[in-house]
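What you see below is based on every heavy atom in this structure, not just the backbone, and it leaves out hydrogens, waters and symmetry mates.
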Amino acid sequence: MQGRLSAWLVKHGIIHRSLGFDYQGIETLQIKPEDWYSIAVILYVYGYNYLRSQCAYDVAPGGLLASVYHLTRIEYGVDQPEEVCIKVFATRRNPRIPSVFWVWKSVDFQERESYDMLGISYDNHPRLKRILMPESWIGWPLRKDYIAPNFYEIQDAH
């Protein structure tokens, strides 16, 4: 089933994939990484000028990584927001997704956290560096195939 935004994108020749609706009726779309920045600009101009949140997750051990964006469009007033969820999948071997910092500045720390925890590189992000883990940390703690260092071995080394 195609939602309102998906129909609008199809009408304008913008490539995407509809993933249906979540339990709240929010449309979810999949965008290819190479198309994400230009589509983000289009969505902003179309009225999705509020980024509610960005997060990321590991789809499966050894599988894809996903960066998820929740956008809101307030056209008729704050009591009738139109929301959409965008998912951008990246390969585990080279997880690169364009940063949308220059579209929605509020994504700054959120993309940094996704980088820090899952190793997704957000191209053209102005300050992409670890935000929660020390710079010396090796690996990406929220990946499903991550092997945590033995705490006692770390303590013995000091």
Side-chain angles (χ1 to χ4, degrees), residues 5-6 9 14-24 26-74 81-155 157-158:
L5 179 58
S6 184
L9 292 171
I14 299 169
I15 298 170
H16 68 287
R17 179 176 173 221
S18 176
L19 299 177
F21 298 85
D22 71 7
Y23 71 98
Q24 294 179 312
I26 296 172
E27 186 174 16
T28 303
L29 304 176
Q30 179 181 345
I31 306 294
K32 291 180 181 178
E34 59 269 21
D35 298 334
W36 175 222
Y37 188 81
S38 58
I39 290 175
V41 171
I42 291 166
L43 292 175
Y44 185 88
V45 171
Y46 183 64
Y48 287 93
N49 60 2
Y50 179 61
L51 177 97
R52 293 186 89 177
S53 68
Q54 183 277 334
C55 64
Y57 66 94
D58 189 345
V59 176
L64 296 172
L65 301 173
S67 188
V68 182
Y69 300 81
H70 293 272
L71 307 174
T72 301
R73 177 179 184 217
I74 302 171
E82 191 177 314
E83 298 178 42
V84 67
C85 175
I86 304 293
K87 292 188 177 188
V88 183
F89 295 95
T91 63
R92 182 180 228 81
R93 181 168 290 169
N94 186 23
R96 301 191 80 79
I97 294 173
S99 173
V100 290
F101 174 85
W102 302 106
V103 180
W104 298 285
K105 298 278 192 291
S106 60
V107 81
D108 183 10
F109 286 1
Q110 296 168 51
E111 284 183 343
R112 284 181 59 194
E113 183 178 351
S114 295
Y115 165 73
D116 195 10
M117 296 289 106
L118 290 152
I120 299 171
S121 290
Y122 291 92
D123 295 337
N124 296 319
H125 188 287
R127 292 176 292 279
L128 192 63
K129 62 181 184 173
R130 291 203 181 264
I131 190 168
L132 300 172
M133 306 303 286
E135 284 292 329
S136 60
W137 194 267
I138 298 172
W140 316 108
L142 291 184
R143 285 194 182 186
K144 292 181 178 178
D145 55 2
Y146 177 72
I147 298 172
N150 185 322
F151 175 76
Y152 296 106
E153 288 176 11
I154 294 171
Q155 291 299 318
H158 293 339

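Closest heavy-atom contact between Ser18 and Ser6: CB-OG, 4.0 Å. The two atoms that bring Cys85 and Ile26 nearest to each other are N-CG2, 4.0 Å, heavy atoms only. Closest heavy-atom contact between Glu111 and Pro98: OE2-O, 4.4 Å. The shortest non-hydrogen separation linking Asn124 to Trp102 is O-NE1, 3.0 Å.
For the residue pair Gln54 / Ser67, a side-chain donor-acceptor distance below 3.5 Å is found, with atom types taken as modelled.
Between Leu71 atom CG and Asn49 atom CG the span is 10.0 Å, to the nearest 0.5 Å. Summarising the geometry, atom CD belonging to Glu113 is positioned 11.5 Å from atom CE belonging to Met133; distances are rounded to the nearest 0.5 Å. One distance of note links CG of Leu51 with OG of Ser106; it measures 4.5 Å at 0.5 Å rounding. Rounded to the nearest 0.5 Å, atoms CD (Glu82) and CD1 (Ile74) are 11.0 Å apart. If you take CG on Leu5 and CD on Glu27, they are separated by 5.5 Å, rounding to the nearest 0.5 Å. The CG atom of Leu128 sits 10.5 Å away from atom CD1 of Ile120, with the distance rounded to the nearest 0.5 Å.
Crowding of Phe109 atom CZ: a count of heavy atoms from other residues, nucleotides or ligands under 6.0 Å not exceeding 12. The number of heavy-atom neighbours closer than 6.0 Å to NZ of Lys105, taken from other residues, nucleotides and ligands shown, is above 12.
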Do any side-chain atoms of residues 28-44 form donor-acceptor pairs under 3.5 angstrom with protein atoms, and if so which ones, sequence neighbours left out?
unit_1 : atom_1 : unit_2 : atom_2 : d
Gln30  : OE1    : Arg17  : NH1    : 3.1
Ser38  : OG     : Asp35  : O      : 3.1

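Put simply, the residue from Trp137, Tyr122, Trp140 that forms a ring-ring contact (aromatic ring centres under 6.0 Å, His included) with Tyr115 is Trp140.
The salt bridge (charged side-chain N to carboxylate O under 4.0 Å, His left out) analysis of residues 38-65, with sequence neighbours excluded, yields the pairs Arg52-Glu83, Asp58-Arg92.
Checked against a 6.0 Å centroid threshold, the rings of Tyr50 and Trp104 do not count as neighbours.
Using a 4.5 Å heavy-atom threshold, the side chains of Arg73 and Val84 count as separate.
Qualifying ring pair (Phe, Tyr, Trp, His ring centres under 6.0 Å) partners for His125, counting only residues two or more places apart in sequence or in other chains: Phe101.
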Exercise for review: Check the pair Leu142 / Tyr57 against side-chain contact (heavy atoms from CB on, under 4.5 Å), numbers first and verdict last.
Suggested key: CA-CA 8 Å; Leu142 291 184; Tyr57 66 94; over 6 Å; no
